[in-house]
Amino acid sequence: MKKDGKESQQSVSTRRKFLGTAAAGTAGAVAFPGIASAQTPKQMRFQSTWPSKDIFHEYALDFARKVNDMTGGELKIEVLPAGAVVPAFGLLDAVSKGTLDGGHGVMGYNYGKQSAIALWTSGPAFGMDANMVLAWHKYGGGKELLAELYKGIGANVVSFLTGPMPTQPLGWFKKPITRREDLKGLKFRTNGLAIDMFTAMGAAVNALPAGEIVPAMDRGLLDGAEFNNASSDRVLGFPDVSKVCMLQSFHQSSEQFEITFNRTKYNALPARMKAIIENAVEAASADMSWKAVDRYSADYRDLQAKNGVKFYKTPDALLQAQLAVWDEVVAKKGADNPLFKKVEASMRAFAERAVKWDMDTNNPRRMAYNHYFGRKAPPKKA
């Protein structure tokens with residue numbers, strides 16, 4: 001402000017204070033170039049173990065989107081489908097070596113490197129569903145055991161488990177499976193420890209990644225196969241090669257997804273970004289479980305109404321036989337693999353209290369369903 005052509009002493013003082021503050025702010029910006037707005041976004045290249053059309057690949061994209069959004073664009077994860085860089089079963093090695101920065105898959109695909117790894121996804125689970133296994137993993141010692149297993153095989157990865165899967169069907173067949181003897185000599189696809197279980201039950205097992213299963217069935221290379229859920233199975237083309245699906249099985253009642261990062265590259269990230277990733281994993285896990293209820297139930301309905309699929313409940317006698325075979329498989333694997341035995345004992349101890357609590361606490365859902373929806377018949381018994 002000027003008065004009689006002269007600037008007041010107060011205005012001069014205010015202007016000098018403002019200029020000094022602005023200069024200090026400029027100096028601060030120069031001294032700390034790591035401010036987000038001045039950074040080039042960090043890029044990470046991931047690959048999933050799933051075909052691009054599978055809902056599983058969609059889950060991988062959902063996780064990446066959450067990280068990208070929560071970091072405000074500072075970190076951008078790109079997710080490629082299976083085979084874009086390496087085959088599905090080669091994901092762990094590619095991430096460990098740094099060929100890929102990370103990936104989205106399942107631990108059962110790493111079964112050949114250390115059989116104990118598959119206990120998380122395709123073992124007996126001792127009555128636990130996949131969400132209970134995730135509870136054991138986070139709070140019951142599983143996370144530490146997995147780190148020990150990966151260190152033992154020299155895997156340079158950081159692992160996050162996410163996305164509890166519903167109980168998987170016994171599989172797709174030419175005709176209903178009514179007894180254990182029906183599996184003898186059957187050319188069948190599965191993965192992980194379920195390979196041992198079905199082999200012990202007489203099947204001729206071949207582990208194939210998702211995109212190769214239906215073509216193998218179409219060519220007669222497989223007599224039956226399991227993958228995962230109504231949405232995946234429908235889009236992968238199972239109803240084009242089979243109209244019979246058997247529901248319920250103990251071969252994979254506890255599977256979940258695994259998100260891996262190359263350890264060296266992950267450790268180089270700032271602490272704030274690591275915290276965002278850890279929270280994005282759990283957010284994606286919850287979102288996936290909710291999306292699965294919506295999508296799987298709709299596709300389960302449509303497989304019957306639009307694709308002519310007949311669903312049958314796996315007979316209880318066959319389910320009981322699976323549990324008996326699991327006892328044999330677990331005892332054999334633990335006899336010469338101390339880490340397998342260690343993981344199995346930890347999981348079993350957690351299951352003993354968690355499953356009892358669950359059964360004693362939660363309502364019988366079929367009772368409520370029958371009350372509200374008129375006792376509609378469950379899937380036919382084979």
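Side chains of Asn337 and Gln114: a donor-acceptor N/O pair is present below 3.5 angstrom, by distance only. Side chains of Ser52 and His57: a donor-acceptor N/O pair is absent below 3.5 angstrom, by distance only. Judged by distance alone, the side chains of Trp326 and His251 never bring a donor and an acceptor atom under 3.5 Å apart. Remark: the Gln248 side chain and the Thr314 side chain contain no N/O donor-acceptor pair separated by less than 3.5 Å. The closest side-chain donor-acceptor pair between Asn229 and Ser232 falls under 3.5 angstrom. Side-chain contact, Glu258 with Ser159: a donor N or O sits under 3.5 Å from an acceptor N or O. In this structure, a donor-acceptor pair under 3.5 Å is absent between the side chains of Asn156 and Ser96. Side-chain polar atoms of Glu226 and Ser249 form no donor-acceptor pair below 3.5 angstrom. With hydrogens and angles left out, the side-chain atoms of Gln168 and Glu255 include a donor and acceptor closer than 3.5 Å.
For Phe350 and Tyr139, the ring centers are positioned 6.0 Å apart or more. Under the 6.0 Å cut-off for aromatic ring centres, Phe89 and Tyr111 do not qualify, their centroids lying 6.0 Å or more apart.
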How far apart are the C-alpha atoms of Ile213 and Leu236, what are their side-chain angles, what is the distance that settles it, and do they pass the side-chain contact (heavy atoms from CB on, under 4.5 Å) test? CA-CA 9 Å; Ile213 303 171; Leu236 291 175; 5.7 Å; no
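Looking at Lys175 and Asp182, no side-chain N of the basic residue comes within less than 4.0 Å of a carboxylate O on the acidic one, giving no salt bridge.
Side-chain N or O atoms of Ser242 include none that pairs as donor or acceptor with a backbone N or O of Phe238 at under 3.5 Å.
Looking at heavy atoms from C-beta onward, Gln43 lies out of side-chain contact with Asp101 at the 4.5 angstrom threshold. With contacts defined as side-chain heavy-atom distances shorter than 4.5 Å, the pair Val214/Trp172 does not qualify.
For the salt bridge (Lys or Arg N to Asp or Glu O under 4.0 Å) test, no residue two or more places apart in sequence or in another chain qualifies with Lys143.
Ring-plane geometry between Phe46 and Phe63 is classed as tilted, the angle between the planes lying from 30 to 60 degrees on a 0 to 90 degree scale. Between Trp120 and His137, the ring planes lie perpendicular to each other; the angle is over 60°, past the 30° to 60° tilted range. Note on ring orientation: taking the six-membered ring where Trp is involved, the planes of Trp50 and Phe56 are perpendicular (angle over 60°, cut-offs 30° and 60°).
A side chain to side chain contact (heavy atoms under 4.5 Å, CB included) with Gln256 holds for exactly one of Thr162, Asn131, Thr121; it is Thr121.
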